[in-house]
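Notes follow once the structure below has been shown.
Model, not experiment: these values are computed from the prediction. We count ligands from 1, going down the list as the structure has it; atoms in each ligand are counted the same way.
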Amino acid sequence: MPSPSLGLELLERLGELADLGHAGQLMAWDQQVMMPAEGAAARGEALATISRLHHDRLVDPQLGALLQRDAEAEPLIVRAVRRDHEVARRVPGELTAEMSRAGSDGYGAWLRARESNDFAVFEPALRRNIDLARQYAACFPEAAHPYDPLLDRFEPGTTTEQVSALFERLRAGLVPLLSQIAMQPVHQSLQGDLPVAAQREIGLEIAHAMGFDASGWRLDDAVHPFASSPAIGDVRVTSRFDDESLTGLFALMHEIGHGLYERGVDPQLGRTTLGSGVSLGVHESQSRLWENLVGRSPEFWTHWLPRMRERFPLTLRDIELDAFIRAINVVRPTLIRVEADEVTYSLHVILRFELELALIDGSLDPGDLPAAWAAKMKQFLGIEVPDDLRGVLQDIHWSEGIIGYFPTYAIGNVLAAQLWRVAQADLPDLDAELTRGELGSLRAWLREKVHRHGRLLTPPELIEQAVGGPLDPEPMLEHLRAKYGALYAL
Ligand code: ZN
């Protein structure tokens, strides 16, 4: 924790960096939630300026000197900031600017390609983004694999080799489970009228039970749900409901899970650059744990289903707990990642990871991407890709030059199951508490194990400390085999 022994000059610099990050987050939140459309161009400029100022301050040699001087005072804080400082210094400013331009051009090309459902329209922009990602990777010549520095932007300390090995085991478990399920009769998902207003009301009740409180949180509408946290006491979550499914309700639990992480960081790390979640994978473990391991369990719905029946008398009045649980846990190979279930989701991610690796190491030409995509969809999920829109053009990430991000989604699923296993051992009454709608001891446990550390520990250190070992796909595979083995009578 920061102590007076950390020099005031360094503390002031960390404070400025945190404030610039705060401003950028707030402007980005506003852009998606409040801003009228015509504000977009000016907002783009303003965000670019904030990000340039942040970068300039971070690479300032004066900061490096202060880190040197105060190295002994707060070794963990200094270590984390020095790492940010050194990574930022490696990448030339022109390359960063070019990546940012190529990302926004790429986004435009992607939108046009989606309109005409034609990958060829997007291909030149993708080629440029891949080329720039390779140039970025080349700034870290000591890396064992050119994908390592790209992955490191989102999951610091985890290597390509480790992710490849993890995903190999995960895939080897998921593909046979999926083919067993696919041989069973298809379960029906929820059908009928589920009014948005009632979903919002019960969503807010669930959010409160999870830890949402009006003094430190906001909930607003946005086209794509997300969570953002300009400060530890200022957590902003967005949601979107539709009146034919409960997707929005699960998305809300997901985003509250992200918010709880940010809200649970030790306040002493506030106004430093360490007062937020440590990596995207660890973040996703929090959202997935609440969305899937809590939110799709019979224990949780033992408490909440009676309340759902009251809210949705037309559709849910007569539904039994078993039928409801089957309906919210339908497994089916589908084309679209963001609509995928607990079993197939990680396969969508592994597919993208393998394609990214091949694009970065040069073994796959961007022009051959749609064919490579289709071949892997057939291999992993057993389905044909009808067109580019439902294939290679479905995700925004590559259009903006974001490569190395996808693996964190599956890392989150894996880690969520590992944490869940330890939580169940540490909290023997957890299942009983869930059936009574009590979520407080789980939240406190997560805060203690994960949230409070902010960015003080590295992700591998945090994982080791929380679950007693490195990332391991076995708890997730066991959870899925047990759960879906029972649901589908395998
Ligand atoms: Zn998420």
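For residues 209-218, the pairs satisfying salt bridge (Lys or Arg N to Asp or Glu O under 4.0 Å) are Asp213-Arg263, Arg218-Asp220, with sequence neighbours left out. Among residue pairs with one or both ends in residues 154-179, those qualifying as ring pair (Phe, Tyr, Trp, His ring centres under 6.0 Å) are Phe154-Tyr405, Phe167-Phe353; sequence neighbours excluded.
Two residues are said to be in side-chain contact when any heavy atoms from C-beta on lie closer than 4.5 Å; Val265 and Arg455 fail this criterion.
Arg326 forms no cation-pi arrangement with Tyr488, by the criterion of a distance under 6.0 Å to the ring centre and an angle within 45° of the ring axis.
Sorted by chain and number, the protein atoms of type N, O or S within less than 2.8 Å of the Zn ion (ligand 1) are His254 NE2, His258 NE2, Glu284 OE1.
Taking 4.0 Å as the cut-off between side-chain N and carboxylate O, Asp152 and Arg83 count as a salt-bridged pair.
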For residues 29-37, tabulate all N or O donor-acceptor pairs below 3.5 Å that involve a side-chain atom, not counting sequence neighbours.
unit_1 : atom_1 : unit_2 : atom_2 : d
Asp30  : OD2    : Arg43  : NH1    : 2.7
Asp30  : OD2    : Arg43  : NH2    : 3.2

